[in-house]
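Residue numbers start at 1 and run along the sequence shown. Note that ligands are numbered from 1 as they come in the structure, with each ligand's atoms numbered from 1 the same way.
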Amino acid sequence: MDAAVVLVLSLCCLLLLSLWRQSTERAKLPPGPTPLPVIGNFLQIDVKDISQCLTNFSKVYGPVFTLYLGMKPTVVLHGFEVVKEALIDHGDEFAGRGRFPIAEKINKGLGSPCDPTFILSCAPCNVICSTVFQNRFDYKDQDFLTLMGKLNENVKILSSPWMQICNNFPSLIDYCPGSHRTALKNAQYIRNYLLERIKEHQESLNVANPRDFIDYYLIKLKQTTSTTLRYALLSLLKHPDVTAKVQEEILHVVGRSRSPCMQDRSHMPYTDAMIHEVQRFISLIPNNVPHAVTCDIQFRNYIIPKVSLSLPCCTSVLLMLTGSQSCYSPLSYLVLLMAYTALR
Ligand SMILES: *[C@@H]1O[C@H](CO)[C@@H](O)[C@H](O)[C@H]1NC(C)=O
């Protein structure tokens with residue numbers, strides 16, 4: 001058989017098929033002028049005056065009719081009554097938006113739906129980061145994204161129904177698998193991350209020029225007598241009778257309703273003595289800081305020249321002291337007293 005005949009025959013088949021499809025489709029749609037295959041009602045429409053043309057069609061087919069603009073049917077709603085009935089009374093069903101290819105081309109996806117969650121959580125997170133870590137992060141920074149991911153995940157887990165169950169049956173936390181384990185792991189990750197940053201800060205800390213919250217924190221930490229406190233706690237644990245007496249004095253002089261102040265010191269001889277005793281006992285800086293003589297001096301039977309250093313060995317002194325002569329600053333007294341008060 002000739003190739004041209006095959007082509008014509010198959011085209012005829014396609015034509016018949018499309019006619020058949022169109023007629024079955026049209027049977028369900030509102031009436032309208034009979035369309036031609038492929039081009040539809042194109043030839044029946046006066047493109048110079050489309051709205052008049054539609055008015056003319058509505059006179060023949062009624063206020064709701066079907067036009068084929070190409071292969072696709074378009075249902076035309078003509079007149080106030082039907083437009084109102086469709087867009088107001090059936091507003092939800094008619095709320096969809098038809099395709100408008102040229103506008104799509106112009107907009108190239110602008111105005112397509114977008115989720116602002118990410119950018120809205122990045123912004124405040126970075127404000128906090130710049131306060132705490134000095135630097136803000138790029139929104140694509142992997143460290144930043146991981147940190148934020150873990151924080152977000154934990155917020156989600158902590159507000160889940162499973163968390164309510166865990167809070168009511170705490171033994172589940174230790175013995176059951178579940179999302180709470182992820183929350184604990186995430187918290188550990190965040191803690192490790194912070195510890196690393198703090199370590200970095202410690203190495204590059206300049207007390208004269210604090211850069212951020214961590215620096216201020218480290219400086220404050222240095223100012224407190226944390227080692228003394230640690231030893232004091234240890235000593236008090238070892239001597240519960242002393243602890244009880246100190247507690248009683250604090251309760252009697254300071255009470256529970258206010259913070260301690262310097263004036264309390266003179267009214268608390270036992271606590272004052274205890275703090276002195278802790279300092280004497282632990283001998284925190286056994287050899288003191290080096291001193292130097294300011295001029296040649298005859299001391300006992302020796303001449304000590306100006307250049308030499310002297311190390312007043314504290315331990316040797318502390319072994320003999322019973323308290324009040326050792327000197328510590330009023331500030332450290334207050335810090336210690338506050339710490340004890342907080343511990344009571
Ligand atoms: C509308 O119908 C009128 C009268 O039948 C006719 O004169 C006019 O040309 C038609 N207009 C269009 C745009 O089809």
Name every donor-acceptor pair, under 3.5 Å, that has one atom in a side chain of residues 232-242 and the other anywhere in the protein, sequence neighbours excluded.
{"residue": "Ser235", "atom": "OG", "partner": "Tyr231", "partner atom": "O", "Å": "2.8"}

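- Proximity of atom 7 (O) of ligand 1 to the protein is not indicated, since no non-hydrogen protein atom lies closer than 4.0 angstrom.
- By the definition of a contact as any protein heavy atom under 4.0 Å away, atom 14 (O) of ligand 1 is in contact.
- A distance-only check finds no donor-acceptor pair linking the side chain of Asp212 to the backbone of Thr131 [under 3.5 Å].
- The protein non-hydrogen atom at the shortest distance from atom 5 (O) of ligand 1 is Asn56 ND2, 4.6 Å.
- With no hydrogens or angles considered, no side-chain donor-acceptor pair links Asn192 and Glu196 at under 3.5 Å.
- Ligand 1 places these atoms under 4.0 Å from at least one heavy atom of Asp46: 13 (C).
- Residues Arg211 and Ser204 have side chains that bring a donor and an acceptor to within less than 3.5 angstrom of each other.
- Distance check for atom 1 (C) of ligand 1: a protein heavy atom is found below 4.0 Å.
- Applying the salt bridge (charged side-chain N to carboxylate O under 4.0 Å, His left out) definition to pairs two or more places apart or across chains, none involves residues 31-49.
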